[in-house]
Each structure stands twice: as structure tokens, then as C-alpha cells.
There are 2 protein chains.
Amino acid sequence: MAERSDVTRNRAAILDAARALVAEPGELRLSAVAKRAGVGQGTLYRHFADRDELLRALYEQEIDTLVALAATLIEEHEPTEALRRWFAQLAAYARVKGGVIAAVEDSVWADLSTRTHGKLGQALTGLLGAGSAAGVLRDDVDPRDVILLSWFLAHVEAEEWEVRVPRLLDVLLAGLLR
Amino acid sequence: MAERSDVTRNRAAILDAARALVAEPGELRLSAVAKRAGVGQGTLYRHFADRDELLRALYEQEIDTLVALAATLIEEHEPTEALRRWFAQLAAYARVKGGVIAAVEDSVWADLSTRTHGKLGQALTGLLGAGSAAGVLRDDVDPRDVILLSWFLAHVEAEEWEVRVPRLLDVLLAGLLR
DNA sequence: ACCTGAACACCGTTCAAGT
DNA sequence: ACCTGAACACCGTTCAAGT
């Protein structure tokens, strides 16, 4: 039976379509996602109960890279440098995937970042813990602090990105130093 | 002729209704604004061309207090302390008026904060200028940097506000010190 | 079981008719 | 001139019918 693989393929096609469309300017229309994925609107809803759930799935895929990177950086660099590099990667990611981040509503983001911290929270716990253990970072900040402070990335315009983001990350990092 | 004053009253009623409703949870529905203001939907559109324009008017009203405060603080306090107090007031404002800020879309905010910097930009120019002239603040940050970094305020949940916001403002201020 | 797409619901916006 | 509110447009979501 090839039906089962159709289901898998549809789900992937929907996510691919959503990822492509969310990067384009303007709102993400679910009808456009279904059309681009080559499925009916109902099929989209079979896989993702509502708009939030689709965005959440998209977002979770995107975040995994950053999570994996944190572990590597902690091993290979001193804590402050690890955090600096991770911020740079977060920014690079936000630049390309900004559409996803901006499209994810607060409710989804809050859910992902607080409930058992989420994967992203665990990555940040590692980075912040290494820094405070080494005595170079404040020890009174938690992962959600950093996630909140990073919200500015969702609001930087493309034209000003290169000038402004390195400076803003520098300010943020300076604020986290002990 | 009392008609002219009706126009004024309607505009004020619409803004009052919008201010009240934006503070409530959930999206701001323009039909609800018109209903609460006691006017027809068309009247709302006579005064404000679209949703953005209504939010912009609301936002501009809200921001004036902060602008006035900046001048006073610069006169009465040393630069770092002036900025610290202004941040605290910005946060207090965001807490109460958070609905307005969150409802204002990026396009509106970007427009307000970049076009000749806007009133808020001027207030921040004063605060940052005083600090960098006194040699206590970085001199490479501009008002929009601070506006961007303040976006976290729009995403803090009510329950965590008191614990988290003072710490985040402290991190932000530390990052701005020279 | 899964899929399709027409139909429904909701809300921003417009406009014909009223004063 | 200004106002009203029904009507229209758009898009998220549902569901009857098809495979």
C-alpha cells in the first residue's frame, strides 16, 4: 500500500510550502500553503489542527540546528566566546528565517520557551551555565531572559541588518558579562 | 451648529474605546471599537483610514508622556541615572499599555521610530547624548538601537513581570555603559 | 483512512441611503 | 458634511462527498 507514504509526503510538502511562503513578504495565507503544497485545505488541517500548530512544527524544525550548535561551541571555546558565536549564529538564523520567528505568535513562543524550557532553553542553559561557572557571566540570568532580549531580532529591517545587528549583539553580550 | 463638536466628540470616543479595548486580552476588533464608541463602522473609517491609522493615533497619544519625561530627567539627574529612571518608566508604561504596543504592527512602529526619529527618538537622543557626552555611555548606539532592544517588553507575561523586567532592564543598561 | 474543495464564520473595509 | 449599518471581500476553519 502506497497510501501511508502519501501521508508522509503530504506532511512534508505542507511544511516545505509553508517554509517557502513564510519567507516571502506579507502574511502567511494557509490557502496559499495548501495550494503550493498541492493539497486541499482539509488535508492541511488533517496534519495540523490549526495555524499555530503548523507554525510550531515549522519553528521546531528550524530551532534544532541552534540547539546542536550550542553543545559544540561549549566544548570548543571559552564561555564568553561560545556565547558570542552562538549569538552570531542566532542572528544569522533570524535573518534568514526571520519570517518564521515573526509569524510564530507569542502564545506559541511562550509555550516553547517556558515549558521545561524547551530545547532552546536547554541549549541556553548550557551556554549560560558555562559562563557563570567560569565567573565571566552574570549568574542571575536565565534562558528566558536571553530569549526575551533577543526579540529585537524579529524587528530589524533587512537594509539595516549588517550595520545594526553586530552592535546590538555586542550591547547584549556586554550586559550579560559579570 | 453643534455638528462640529460631534465630530470631535466622535473621534475622542473612538480613541477612548480603542484604548479600553486594546488593554483587554485578545485581538482588537474594530467592530467592537465602533460599538463601544457608540458610532457606526463607517464613522470609524471617516476618522481613521484603516486599522493602522487608528493604532498609530493611539500610540502617539501614549508616547507623549515618555517624551516629556526624558527632558525632565536629563535636567534633574546624572546621565546614567536619568536613563535608568527613563527605562523604568518605559517599562511601567509598557506594562499598563502593553496592549497598544503589541497591537501596533511593525510597519507602524518602524515608521514612527525612524522618520526623523519621531518624538521618541528625540527623547532618546537627549538621554543617550547626555550619557556619551559625560563619558559614561557607549557613544556608538542610536535611539533605534534602544527601541529595538526594548522590544522584549512587549513579550513579557504579566505574571513574570516583577521578577524579570528589573533584571532585564539592568542587563540592558549594563550593556549600554561604556 | 485519507483527500478534496465548496461552504461557513469572522472581521476589516466600503458604500448606498439617511439626517 | 457627517453618520449609519448592511453588504462585500478575504481568509481561517469545517464538513459533506469522493476515492
Side-chain angles (χ1 to χ4, degrees), chain A residues 1-59 99-100 102-109 111, chain B residues 1-59 99-100 102-109 111:
Chain A
M1 321 250 153
E3 287 69 38
R4 181 61 62 87
S5 71
D6 268 17
V7 175
T8 313
R9 198 179 315 131
N10 276 340
R11 189 189 154 92
I14 290 166
L15 280 174
D16 286 346
R19 186 166 25 248
L21 289 173
V22 86
E24 293 186 7
E27 290 294 298
L28 178 71
R29 271 168 292 133
L30 295 195
S31 55
V33 172
K35 192 172 186 179
R36 184 180 180 117
V39 301
Q41 316 237 76
T43 303
L44 195 158
Y45 280 86
R46 169 167 291 275
H47 287 280
F48 305 98
D50 58 15
R51 183 193 180 82
D52 262 15
E53 201 168 302
L54 173 61
L55 289 169
R56 187 186 304 250
L58 204 55
Y59 173 83
V100 183
V104 171
E105 286 163 29
D106 270 358
S107 59
V108 180
W109 177 273
D111 192 45
Chain B
M1 323 242 149
E3 286 70 38
R4 182 59 63 87
S5 70
D6 267 19
V7 175
T8 312
R9 199 178 314 133
N10 276 341
R11 190 188 153 90
I14 291 165
L15 282 173
D16 285 348
R19 186 167 24 250
L21 288 172
V22 86
E24 294 185 6
E27 290 294 296
L28 178 71
R29 273 169 287 134
L30 295 196
S31 54
V33 173
K35 191 171 188 181
R36 184 181 180 114
V39 301
Q41 317 238 74
T43 303
L44 195 159
Y45 279 86
R46 169 169 290 274
H47 287 281
F48 305 98
D50 57 16
R51 183 192 180 83
D52 261 16
E53 202 168 299
L54 173 61
L55 289 169
R56 187 186 303 251
L58 205 55
Y59 174 81
V100 183
V104 172
E105 286 163 28
D106 270 359
S107 59
V108 180
W109 176 275
D111 191 44

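Every heavy atom of this structure was used, including side-chain atoms; hydrogens, water molecules and symmetry mates were not.
Taking only side-chain atoms of A:R51, from C-beta outward, the nucleotide of C:dT13, D:dG12, D:dC3 with the closest atom is D:dG12. With C:dT13, C:dC11, D:dT4 as the candidates, the nucleotide lying closest to the side chain of B:R29 is C:dC11. For B:V7, taking side-chain heavy atoms from C-beta onward, the closest of the listed nucleotides D:dT13, D:dC2, C:dT13 is D:dC2.
Residues A:V22 and A:Y59 fail the side-chain proximity criterion, which asks for heavy atoms closer than 4.5 Å. No side-chain heavy atom of B:D16 sits under 4.5 Å from any side-chain heavy atom of B:R36. Within the 4.5 Å cutoff, no side-chain heavy atoms of B:L30 are placed close to those of B:Q41.
Checking the phosphate oxygens (OP1, OP2) of C:dT4, a side-chain nitrogen or oxygen of A:T43 falls inside 4.0 Å. One finds a side-chain N or O of B:Y45 lying less than 4.0 angstrom from the OP1 or OP2 phosphate oxygen of C:dT13. The side chain of A:N10 contributes an N or O atom lying less than 4.0 Å from OP1 or OP2 of C:dC3.
B:R46 comes within contact range of at least one nucleobase, with a heavy-atom separation under 4.0 Å. Counting any heavy atom pair closer than 4.0 Å across all strands shown, A:L28 reaches sugar-phosphate atoms only and no base atom.
Under the Watson-Crick or G-U wobble criterion, with both distances below 3.5 Å, C:dT14 is paired with D:dA6. Remark: C:dT19 base-pairs with D:dA1. Criterion, Watson-Crick or G-U wobble with two distances under 3.5 Å.
In this structure, A:L44 atom CG and D:dT14 atom C1' are separated by 13 Å, rounded to whole Å. For A:L54 and D:dC11, the CG to P distance is 16 Å, given to the nearest whole Å. Nucleotide D:dG12 holds its P atom 14 Å from the NZ atom of A:K35, rounded to whole Å. Between B:H47 atom NE2 and C:dG12 atom P the separation is 18 Å, expressed in whole Å. Going from atom CZ of A:R11 over to atom P of C:dA1 covers 20 Å, rounded to whole Å.
The distance from the CG atom of A:L54 to the CG atom of A:L15 is 6.5 Å, given to the nearest 0.5 Å.
In the interface, the side chain of A:Q41 is paired with the base of D:dT13 through a donor and an acceptor atom under 3.5 Å apart.
Judged by distance alone, the side chain of B:R51 and the main-chain N or O of B:L28 form a donor-acceptor pair under 3.5 Å.
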